[in-house]
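We name chains A, B, ... by the order of the sequence lines, and we start the count at 1 in each one. Remember, it's a predicted structure, so these values are computed and weren't measured experimentally.
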Amino acid sequence: MTEHEQDSTETGDDLPEQMKIRREKRAALLAEGKEPYALGYPRTHSLAELRGLFGGLADGESSGVTVSTTGRVIFVRLAGKLAFARLRDGDGTEFQVMLSQGKVGEEALAEWKRLADIGDHIGVTGEVVSSKRGELSVMADSFQITGKALRPLPVAHKALAEETRVRQRYVDLIVRPEARDTVRNRARVVKSLRDQLDAESFIEVETPMMQVQPGGATARPFVTHMNAYDIDLYLRIAPELYLKRCVVGGIDRVFEINRNFRNEGADSSHSPEFAMLEAYRSYGDYRTIGALTKSLIQGAARSVFGSETVVLADGSEYDLGGEWAEITLFGSLSEALGETVTVDTPYDVLVAYADKVGLGVDPKWGPGKLAEELFEHLVVDGLHAPTFVLDYPEETSPLVRGHRTTPGLTEKWDLYVRGFELATGYSELIDPVIQRERMEAQARQAAKGDDEAMGVDEDFLRAMEYGMPPLCGMGMGIDRLLMALTGLGIRETILFPLVKPE
RNA sequence: GGGCCUCUAGCUCAAUGGCAGAGCUGCGGACUUUUAAUCCGUAGGUUCUCGGUUCGAGUCCGAGGGGGCCCA
């Protein structure tokens with residue numbers, strides 16, 4: 001709200017006509033000794049309960065039962081000495097209210113016409129009846145405005161502009177059932193993940209969001225300042241290093257569902273703050289954690305759709321059931337290029353392939369990063385069905401154990417669903433000496449100006465030196481899981497995504 | 001970072017460089033069974049901002065801001 005608009009709230013002089021009128025109605029209620037913002041209303045039934053109890057009423061029939069209920073007015077119609085209103089409850093249930101001059105009285109009906117608006121919260125008391133047209137209704141004996149709306153709701157039958165939906169999500173939630181469904185689906189999915197992990201004896205913890213040294217991923221962090229210690233702190237880019245400290249301490253199945261922050265671009269699939277599940281399990285490898293990830297996703301699908309086949313926003317179906325494809329990074333890349341490429345393929349040869357397929361090469365990339373970029377350029381778009389991509393170069397995975405058979409590779413997978421990356425998993429590196437070498441190499445990259453590279457986390461290394469059990473781990477974006485299950489864009493799955501200030 | 005598109009009434013959108021409009025919403029009226037009712041009447045504008053060209057700019061030009069799409 002602008003200063004100008006705030007100032008004018010005092011007088012109402014500069015407000016749009018519709019808002020001015022509603023403020024006048026609020027003032028009129030107060031002047032008549034009626035509280036436009038009530039403490040409550042003595043409700044006997046919710047709208048959903050009324051539907052359940054009186055759904056069998058025949059057209060035009062009266063129940064003889066008087067009830068009190070509440071809701072937001074979403075539709076009004078006047079027909080002379082009779083008025084209709086449709087109420088809606090938070091769960092989306094709608095229910096009609098009728099105000100007949102014969103029942104409610106001339107004065108009350110006039111008050112309704114004079115002071116009630118679409119958008120108001122009201123309480124109403126009366127007999128449950130069915131209208132001539134068979135619409136289940138409360139025939140009001142009395143009503144009360146319990147929460148006066150000062151702004152008009154947008155027209156219900158035209159889609160809100162996307163920007164308005166995102167910036168004013170509260171309005172989006174009022175007018176669009178799908179927006180409310182998304183909130184509920186997200187809650188179901190997160191609950192399903194927690195329940196499944198709990199059933200597998202995983203312990204949920206919360207680790208620092210503000211860190212002295214960011215780590216656990218390669219990404220640019222947000223920086224903030226702590227006055228008491230006069231030090232800069234970083235919003236975490238991943239919880240990994242703390243969850244692994246937990247494992248050292250004996251919490252050997254551990255997970256966290258919480259927010260990460262990455263100071264990078266924002267587009268249709270990336271948000272600067274995003275919710276993530278990370279889980280670590282001792283005595284398992286990347287296949288162990290891959291199987292767990294698959295069952296978590298399939299369980300989440302069942303929790304929303306009751307099936308491992310999900311229905312996307314465009315109406316199409318997507319099958320997450322059964323076994324999922326497994327390919328290797330270099331195997332699939334070789335197939336796409338028609339040339340054999342391995343982790344040992346020289347840098348110059350890879351650059352030549354990049355030129356051939358029109359991929360621009362960043363000189364900062366090493367051969368491993370270049371191979372990954374080639375894979376993303378050539379293979380990823382074709383990965384429609386759920387697919388595990390296995391065995392990534394060591395160069396780009398500084399926290400991952402070396403591959404058991406192939407030097408230069410790591411035991412890492414990325415899970416792709418409908419062409420985007422949904423989750424990643426590893427056989428974790430547990431040798432503190434190799435971990436120190438990797439971190440020092442990263443620190444040299446950072447010193448050379450790579451602002452995504454990690455530094456050496458001495459406390460983490462100290463923890464590892466106390467002995468870490470054989471370990472596997474995974475990370476999965478919650479927002480992306482919602483996208484995978486529903487086909488929505490990231491700005492729909494996040495309730496209040498970051499937007500530039502108005 | 002580059003390219004393209006976009007910003008007008010509460011909402012969704014129109015308007016060859018020539019009086020800024022429609023539908024819904026709102027307001028006044030008619031109607032005791034409406035479901036996006038119908039009928040009569042009526043109000044509502046810093047056309048994102050600043051500057052320029054022009055007799056005249058929502059429209060053309062420049063700069064800036066917001067949003068979207070595509071590419072890297």
Side-chain angles (χ1 to χ4, degrees), chain A residues 1-2 4-5 8 12-25 28 57-62 73-88 94-106 108-110 112-120 126-127 129-140 149-168 170-172 174-176 264-270 354-355 357-365 373-374 376-377 381 489-492 497-502:
Chain A
M1 185 183 282
T2 64
H4 174 76
E5 202 172 340
S8 61
D13 284 349
D14 294 335
L15 287 174
E17 184 193 28
Q18 293 191 42
M19 287 171 59
K20 209 189 298 186
I21 287 164
R22 283 163 181 251
R23 276 168 171 73
E24 285 163 7
K25 289 179 178 179
L57 225 51
D59 292 7
E61 194 183 350
S62 297
V73 178
I74 57 161
F75 175 85
V76 293
R77 177 109 301 135
L78 302 179
K81 299 181 178 63
L82 183 65
F84 300 89
R86 194 181 315 140
L87 302 189
R88 189 169 58 213
E94 298 181 0
F95 208 89
Q96 179 163 275
V97 171
M98 297 167 73
L99 298 104
S100 158
Q101 182 167 302
K103 264 286 189 197
V104 81
E106 194 170 348
L109 184 62
W112 171 265
K113 292 180 181 177
R114 190 162 51 88
L115 297 175
D117 284 303
I118 289 176
D120 293 352
E127 185 185 4
V129 302
S130 174
S131 75
K132 277 183 190 168
R133 300 284 177 89
E135 185 76 35
L136 209 49
S137 312
V138 173
M139 179 61 84
L150 297 185
R151 288 176 184 265
L153 288 181
V155 176
H157 308 285
K158 289 283 173 89
L160 272 185
E162 151 129 13
E163 189 179 353
T164 311
R165 296 215 312 251
V166 171
R167 284 190 188 272
Q168 296 178 246
Y170 37 88
V171 176
D172 188 32
I174 292 170
V175 301
R176 201 166 58 92
E264 294 170 345
D267 61 34
S268 55
S269 63
H270 295 81
D355 287 344
V357 299
L359 174 67
V361 176
D362 186 325
K364 290 203 295 278
W365 296 346
E373 293 286 339
L374 277 166
E376 282 174 25
H377 187 73
D381 285 347
I490 199 164
R491 279 180 310 280
E492 306 291 333
L498 187 77
V499 284
K500 282 202 192 177
E502 285 173 83

Identify whether any heavy atom of A:K81 sits under 4.0 Å from a base atom; if not, whether one sits that close to sugar-phosphate; answer base, sugar-phosphate or nothing. base
Are the side chains of A:V357 and A:H377 in touch, meaning some heavy atoms are under 4.5 Å apart? yes
Please examine the side chains of A:V166 and A:P497, heavy atoms only from C-beta on, and report whether any two atoms are closer than 4.5 Å. yes
Side chain of A:M98, heavy atoms from C-beta onward: which of B:G66, B:U32, B:U33 has the nearest atom to it? B:U33
In whole Å, what separates the C1' atom of B:U12 from that of B:G18? 27 Å
Please state the P separation for the pair B:U6 and B:G10 - nearest whole angstrom. 23 Å
Go through B:U33, B:U32, B:U12 for me and flag the one nearest to the A:A161 side chain. B:U12
Using a cut-off of less than 4.0 Å, is there contact between a side-chain N or O of A:K25 and OP1 or OP2 of B:C27? yes
Kindly give the atom pairs (protein nitrogen or oxygen, nucleotide nitrogen or oxygen) under 3.5 Å for nucleotides 35-38 of chain B.
unit_1: B:U35; atom_1: N3; unit_2: A:E135; atom_2: OE1; d: 3.4
unit_1: B:A36; atom_1: O4'; unit_2: A:H157; atom_2: NE2; d: 2.6
unit_1: B:A37; atom_1: OP1; unit_2: A:R77; atom_2: NH1; d: 2.8
unit_1: B:A37; atom_1: OP1; unit_2: A:R77; atom_2: NH2; d: 2.1
unit_1: B:A37; atom_1: OP2; unit_2: A:R77; atom_2: NH1; d: 2.1
unit_1: B:A37; atom_1: OP2; unit_2: A:R77; atom_2: NH2; d: 3.3
unit_1: B:A37; atom_1: O5'; unit_2: A:R77; atom_2: NH1; d: 2.5

Min side-chain heavy-atom separation A:L82-A:L99 under 4.5 Å: no
Quantified in whole Å, what is the C1' atom distance between nucleotide B:U47 and nucleotide B:U8? 4 Å
Side chain of A:R167, heavy atoms from C-beta onward: which of B:U32, B:G66, B:G44 has the nearest atom to it? B:G66
Taking the C1' atom of each, how far is B:G23 from B:A43, in whole Å? 16 Å
Where do A:L160 and A:R165 come nearest, in terms of heavy atoms and distance? CB-CG, 3.6 Å
Between B:A57 and B:A15, how far is it from one C1' atom to the other, in whole Å? 13 Å
Determine whether a donor-acceptor pair (one donor, one acceptor, N or O, separation below 3.5 Å) exists between the side chain of A:Q18 and the base of B:U25. yes
In whole Å, I'd like the distance from the CD1 atom of A:I21 to the P atom of B:G28. 7 Å
If you find the nucleotide of RNA chain B closest to A:I118 and the one closest to A:G102, which residue's nucleotide is nearer the 5' end? A:I118
Under 4.0 Å between a side-chain N or O of A:R491 and OP1 or OP2 of B:G67? no
Distance in angstrom units between A:D381 CG and B:C70 P, rounded: 12 Å
When you compare B:U16 with B:C60, how far apart are their P atoms, in angstrom units rounded to a whole number? 11 Å
Over how many whole Å does the gap from A:I174 atom CD1 to B:C11 atom C1' extend? 13 Å
Can you give the dot-bracket line for RNA chain B, using ( ) for pairs inside the strand, [ ] for pairs that cross earlier ones, | for pairs with another strand and . for unpaired bases, where Watson-Crick and G-U count if both distances are under 3.5 Å? (((((((..((((....[..)))).(((((.......))))).....(((((..]....)))))))))))).
Between B:G67 and B:G28 - P atom distance, rounded Å: 39 Å
Could you check A:G358 against A:F84 and say which one's nearest nucleotide on RNA chain B is further toward the 5' end? A:F84
Taking atom C1' in both B:C40 and B:G45, compute the distance separating them and give it to the nearest angstrom. 26 Å
